Amino acid sequence: MRFSFLCDNIVRIIVLALLLTSTINNFAQTPFLKTQSLAQDFGVKQIKKIYQDGHGFIWVGTASGLFKFDGITYQQYLLPDSLVDNIVTAIFMDNQNKLWVGYKNGRLATLEEFGLKIFDPEEGTPVVAITGITQLQNGTICFSTYGEGVYYYMNDRLYNANSDDGVINDDIYVMMKDSQDQLWLGTDGGISVLNLSEGTKKIENITTNGGLPDNIVCDLTLDDRDNIWIGMYDGGICQYDISKKEFFELPIMKSWEFGTVNSLEFLGNNTIWVGTEGNGIVSVDYSNQGSFKKFDAEGGFGNFKIHDLQKDSEGNIWISSSNAGLQLANSKIALIDIPGSGDSKSIKAIASSHNENLWFSNDKGLFYFEIDPGGNQKISRHLKGEKYRNLSIISLYEDIQQTLWIGTFGQGIFRYHPNSGKVEAFSQKADLGDTNVLSIAGKGNQLWFATLGGVIRCELSTDPENPNEQVQFIKYEKADGLGSNYVYHILIDSKDRVWFATDGNGITCWEKGRFINYAEGQGLKNGKVYSVVEDPSGNIWFSTSTAGIYKFDGKNFKNFSTKQGLSDLSINGLTTDTSGKIIILTSSNLEIFDEVNQVFNRFDDRYGVNDIKPQFNAVAKSERGTIWIGTEKELIKYTPVQENVSESPAIYLDEIMVFMEGVDMLNNQVFNHNRNHLSFNYTGFWYQNPDKVEFQHKLGGLNDNWINTRDHMAVYSGLQPGKYIFNVRAGLNNSFNNSEIATFSFEIKQPFWKTPLFYIICTVFSAFIIYAFIKIRERRLNREKYILEEKIKIRTSEIEEQKIEIEAQRDKIENNLAELELALKEIKEQKEEIESQNHKLEEAQEIISVQNETLIEYNHHLEDIVEKRTKELRSAYSELLQTNEDLDHFIYRSSHDLKGPIARLLGLCELVKIDEEKRNVQTYFRLFEESAQDMNLMISHIKRAHEINRRDTRLENVPLAPVIDKICYDCSKEFTKAPTPQIDVNKDFLLYCDPELVNILFSNIIHNAYKFSKPNRKDAFVKITASKADKKHLQISVVDNGEGIDPEFSEKVFDMFFKGTENGNGYGLGLYEARIIAKKLAGKISLKIKKNTTEFVIVLPFVTAIEDKEEVLI
Amino acid sequence: MNLFTIYSVILYFLWTVGGTSDQEMYIATNGTVNFKSNAPLEVIEAYSNSAKGIIKVEDKSVAYSIDISSFQGFRNKLQREHFLENYMEVTNYPKASFLGKIIENIDFSSEGEFKVRAKGILSIHGVGQERIIRSTIKIGQGIINLSSDFTVSLEDHNITVPKVVNQKIAEKIIVSVNTTFIKK
């Protein structure tokens, strides 16, 4: 039957098997410890003091100076004097937020902006170690010393209270202030209670005589009920009630074997941690009889010297020990090592036992965890027998009779009596059917067992003598109303209802004998329910396989899943803590669900624990609320949070800067409009897991959304004028609902030119200006008006004066007028005189003008003469020029022409020279002679030409006709073939000229005509006519139709030595002479070339009448 | 602390001197005390050379006293008169004294210079004030030289200054003491 059952449920079984694993290991218990890196990073040897200030910073006093820690970075502060020791023995922040630091050499310093400043009052400072610093309500700062009693500083004076004043001993180890402002001094000789509040030193002493176990008091601490706990050198710890003034010594202290107490710290929950001189840390639980729990070597404590313990605002304990430097202990979490190794360690079932002990099982076996009164924790193995070696224990429950019920996988139910060792097996008796017991729950005498074949209810017998005798088992199955026979978990709630988490059919509730099932139809999304738990308010919470967790308040189901922030849907177990938060064990982690704030917080994010792997339903809660969680490799003991401890990171605004300079952190500051770049530096404190701290900030007035960041600085720039509030808060895991918000409110002023004030001023000002302007104008106008009026007045008076004057003058004028008439008459007479004189003047003027004209005429005449003369001079000049030119020409031509014959001559000479025979001498001489004759002729021609020019003209009347005739006759003689000339010359014509010259002239011309006529032509003629050119001149024209002259040469022919043709034996002087003569005779000669004829026209002065001599002279 | 107490204390010291001869002590009979009031309108200074004191080695106690009327060196007689009659009321409170203990543990047999503090009651104008006064002691052969500078607040000792002259008298008077104690 079992086998078939197995087959049917093979899948479920395999799943179940996979959920359970187990290992065994050695055990140890330690609080969850984190070693801080201070010692490593800075080589700090001794950490003497740990202190947390009001903002949240942790200050560590070491032998290497003062350190400030915010969870991430350390900042070291050393005294400015480098020669002096920096062994810090006391730290305190006063009510003005100024940090005081005390040193081993008695020095005191305060921390300023720039660093530590030595505190050096007039009275001087101690020369022995400062062991404590605190401040009274009235502001007095107190310093306890080891050797000089207590100093207190008020009103700028340092005072002292020591043994001379009644303090029991000057060597003070610890100074603690109570709620009444009294100073409790733990000294080498007892406790002194010093009251300075009334200005006097009121001292009460407590010593061994008064019940103090040991006079050497090393540390004092207050608990939550205003009792003082005293740690002593030799007496362990004891408690003192301040109001009752009574000692209370824990009985257990009689067995205190841990030596000298160096430091005490109250944790809450009736627990005190004691740091000892040579035994590490001992946790003292003073409830009931009290118990010790020494944290041992495995966790890093062992037998080391603890210098100081300090609790911080999160509830963590800071530990300074001689071996591990600075450590942070999370007292809420303790990790307990368990027997087994590897897989066999993994815990399968746990159940809380009486006295805060615990039963747990894994593959290695069944174990019992307890802490003996001596404080030692013990894990002992039970059921060691061979019989039980293969027992697979998957559920446990301790009943009210302190017997352990064991549910196994395949072997049914066992009942174990630890005291006697007796084991009862109930598989057969109970007629269980299925022998796989997944869960056991109980209340009072009732027990319920969950199996794979339904649930079994059991009633315990009430008879202490025979506890087993009448144990009744009743089985319930699906048929009875149970949702499913496969039940994972059972819960009996505060109302005695029994809840069953079923596989696939939701959750079933058994109330007053009836089953009610809530499944997918009733509001569940998923029917596989793994765990059920009840919260302090009575709501039932359960987890499903795929739909997260549900809350059932009796009527409705509310689901919380990934949408709300649950990170892992595979949930292994559920439990609640005393504050009502739901602790969810997922396969990878623990989540704490805070329903009030609707937020899931990862356990390890909060506490810095790594990688928890809780096992299926391996969770139990003790009577006192301690939660045990069985994981893959250890037990986690989670002591819930005490009061007065922060649950979320604290925020602290470090610094606010405008542009790059810091500003005071006073609220409601007003900045100018141009100071609008603000940066905010902040720190979040969460020492348990500082790396996980996240921030949100927003600037109210700019945006209303929170900005998430991990930066420690928020920068806002370019802010417009307005009112702003900067908010920042720190949180973990994106949950900020509980976090306190640090704010800074400020305002950026409108630039002055935008403020209403400015506008008003402008308006007022402009109104004022307008008004002033108007007023000024008015005034000016008035003034002008006034001036004008004045002027008018003046003018009026002036005018009146003038009027008088004028009247006076008028009289004067009348007188003058008469005089004037007389004068007028005189003037008339004078006028007549003047007129007659005028006449005379006119006559004279006429004469003058006539003379004037004459002069002008004469002037003209003179001018004409001058002109004539000028002309003459000009022509003479040009003549001279011409003469010069002619001379040049003449000389040129002469020499040229002479050259010819000369050359011939020379040539002939040469010839003669050459000719050796000289036969032709005669010829030669003849030729010489010819040439010489030529030359001679030429020269005589030249001479003749020259003479013609030079000679004075003898002017007389010369009849023309005979001259012509003669010449013609001569020519016809010379030129035999010449034509007969036609002569037409009036016999009366007389020329007024030089007869010789005229002869030459005509001779030349006519000669030419003959010479150049074409002898053989029949119609060749030479025609000579003379006529009157004008009144004074005759014109003689000689025409021939001979060879003609090239028109080109019509002017050149008259040039000296010009020969028109090469024939002829002239020298080219004929026409030249003719021209000269003509000029000389005041005539002229010109040439007219026609197609066939050549005509020379000669104009000469004609004598008919000699009129003006003047003309002749010209 | 009134006159009677001061006297009796000093007498007690002297008595212990006389009584037990192995009590080591050093005595001064003409120690110098200077004081100066540095006010905006006036500076008042004076000194006295007739301060008396005792240092007892066994319990490190120090007793020191001076006659107020022994102060001299004032600028003029009127100033001195005011000081004596009006402010210090010398007829009622003729002496000023300090009675206390040296805090540090000094080995009086070793020579050298030490910076110490004396805690005790400073009594002026009939009013005693607990003070810690920083001093330097030079220990030589059979002598101890004690010098210290401290301020005395007029308010502490009920010395009232009328408003009319409060620009002429400083609220804190600078006092300096220089005394040589000879071993007895």
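Lettering of chains follows the sequences in order, A, B, ..., and the numbering in each one begins at 1. None of these values were measured; they are calculated from a predicted model.
Only the side chain of A:D164 comes within less than 4.5 Å of a heavy atom of chain B; its backbone N, CA, C and O stay farther away. Heavy-atom distances place no part of B:N105 under 4.5 Å from chain A, backbone and side chain included. There is no contact between B:S148 and chain A, counting heavy-atom distances below 4.5 Å. Heavy atoms closer than 4.5 Å to chain B are found in the backbone of A:P121, but not in its side chain.
When the heavy atoms of residues 35-53 of chain B are compared with those of chain A, none of the residues falls under 4.5 Å. Interface residues of residues 96-105 of chain A toward chain B, defined by a heavy-atom distance below 4.5 Å: none. Within residues 130-142 of chain B, the residues approaching chain A closer than 4.5 Å by heavy atoms are, in numerical order, B:E130, B:R131, B:I132, B:R134.
No more than 12 heavy atoms of other residues, nucleotides or ligands lie within 6.0 Å of NZ in A:K117, so this atom counts as exposed by the packing criterion. In this structure, A:K177 places its NZ atom where more than 12 heavy-atom neighbours from other residues, nucleotides or ligands lie under 6.0 Å away. B:F114 CZ: more than 12 foreign heavy atoms inside a 6.0 Å radius.
For residues 125-135 of chain A, the set of pairs meeting the side chain to side chain donor-acceptor pair (under 3.5 Å) definition, not counting sequence neighbours, comprises A:N95-A:Q135, A:T131-A:S144.
Of all the listed residues (A:G124, A:G147, A:G149), the one sharing the greatest number of non-hydrogen pairs under 4.5 Å with chain B is A:G124.
Taking 4.5 Å as the limit, every side-chain heavy atom of A:E123 sits out of range of all side-chain heavy atoms of B:K119. Annotation: side chain of B:D149 is not in contact with side chain of A:E122 (no heavy-atom distance under 4.5 Å).
Judged by distance alone, the side chains of B:K101 and A:N162 never bring a donor and an acceptor atom under 3.5 Å apart.
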- Query: Could you go step by step and tell me if B:R117 and A:L158 meet the side chain to side chain contact (heavy atoms under 4.5 Å, CB included) rule?
  - Reply: CA-CA 12 Å; B:R117 290 162 293 145; A:L158 190 65; 5.7 Å; no
